[in-house]
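Below is one structure, written out as structure tokens, with a few remarks after it.
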There are 2 protein chains.
Amino acid sequence: MPSKLLSPAQLGLIAERFKALAEPSRLEILHALKERERTVSEILEATGLGQANVSKHLQVLFTAGFVDRRKDGVNTWYRLADQDVLRLCELMCGRMEKEAAARRKLFAG
Amino acid sequence: MPSKLLSPAQLGLIAERFKALAEPSRLEILHALKERERTVSEILEATGLGQANVSKHLQVLFTAGFVDRRKDGVNTWYRLADQDVLRLCELMCGRMEKEAAARRKLFAG
DNA sequence: AGTGCGTATAACTATATAGTTATATACAGG
DNA sequence: CCTGTATATAACTATATAGTTATACGCACT
């Protein structure tokens, strides 16, 4: 099958999504949400990051569609929007494990 | 199953990989390599990007392990290192199509 | 050796953004 | 209302990097 052509606009949107995953702090936040829904305060505690910083990161993740949220009184509860983030990270981690295995093999020879 | 703990160093490495995919120009280059191996010159032609710019992007993609390369005289031939990049992009595109479908449904109601 | 071509690198500029500090908003309880 | 708490936002600084221009490197050909 011929490769679908991708417009600059589409490439920009895809890149924007990847960019949301391209920061250690945001990956840490997503990791904290893997088990269950959490409030911002719980995320602060789980990650040790600053409050304003986490708030901004959560906006980025929300805009990119990776997390959903609901208000409950003064709290905002955040959760993973779906399982795609986990799949993406697992794919990436799998790649890195393969790399590491190849390196080990190379040096063990 | 309990979530695996990820060290800051691991998160950094994963983020670095995602960052390599977080630029429209690099996605365009990967797209150009989807069909077949290409020289830098061919990539220049396919993408319309500047020579030095493409050379730098190719370094980033190579360092991140997404492309492999071989020298052949004055030419350097680049190719996708494996099919993971395509899977990652397809996963991401699938997400976006779901989003778009949801929006259409919302407004069509 | 000298020339031309393909690719990589250095140096620079402009832009984006992570993190911080300070402040604003919004809700809950007394 | 007033106070405290949870979260979001504004303003700022420091850093990273995309793109460009100029230059260096390496190979092929004569």
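None of the values given here were measured: they were computed from a predicted structure. Just so it is clear: chains get the letters A, B, ... in the order the sequence lines come, proteins before strands, and each one is counted from 1.
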inquiry  = For A:A20 versus A:L61, what's the shortest heavy-atom pair and its separation?
reply    = O-CD2, 3.9 Å

inquiry  = Rounded to whole Å, how long is the line connecting atom CD of A:Q51 with atom P of D:dA6?
reply    = 10 Å

inquiry  = Heavy atoms within less than 4.0 Å of DNA chain D: which residues of residues 58-65 of chain A have one? Give them sorted by number.
reply    = A:Q59

query = Is the phosphate of C:dT7, meaning OP1 or OP2, less than 4.0 Å from a side-chain N or O of B:S41?
reply = yes

query = Can you name the closest pair of heavy atoms from A:L49 and A:L44 and give their distance?
reply = O-CD2, 3.7 Å

query = Within the pair B:Y78 and C:dA8, is there a side-chain N or O less than 4.0 Å away from OP1 or OP2?
reply = yes

task = Please determine which of B:E42, B:R69, B:E37, B:R38 meets the side chain to side chain donor-acceptor pair (under 3.5 Å) test together with B:Y78.
result = B:R69

remark   = Note: B:V54 and B:T47 closest approach over all heavy atoms is CG2-OG1, 4.2 Å

Polar side-chain atom of B:R17 near backbone of A:C93 as donor-acceptor pair, under 3.5 Å = no

ask   = Given D:dT17, is OP1 or OP2 found less than 4.0 Å from the side-chain N or O atoms of B:K19?
value = yes

message = Would you say B:N75 places a side-chain N or O within less than 4.0 Å of OP1 or OP2 belonging to D:dC27?
response = no

task = Give me the residues of residues 21-28 of chain A where at least one heavy atom lies under 4.0 Å from an atom of DNA chain C, by number, or none.
result = A:E23, A:S25, A:R26

query = In Å, rounded to the nearest 0.5 Å, how long is the span from NZ of A:K34 to CD of A:Q83?
reply = 9.5 Å

Carboxylate-amine/guanidinium contact A:K98 B:D82, below 4.0 Å = no

ask   = For D:dT17, does either OP1 or OP2 sit under 4.0 Å from a side-chain N or O belonging to B:H57?
value = no

Closest contact, heavy atoms only, B:L27 versus B:C89 = CD2-SG, 4.2 Å

ask   = Are the side chain of B:T63 and the backbone N or O of B:Q59 linked by a donor-acceptor pair below 3.5 Å?
value = yes

key: Neighbours of DNA chain D within residues 66-74 of chain B, by heavy-atom distance under 4.0 Å   = B:G73, B:V74

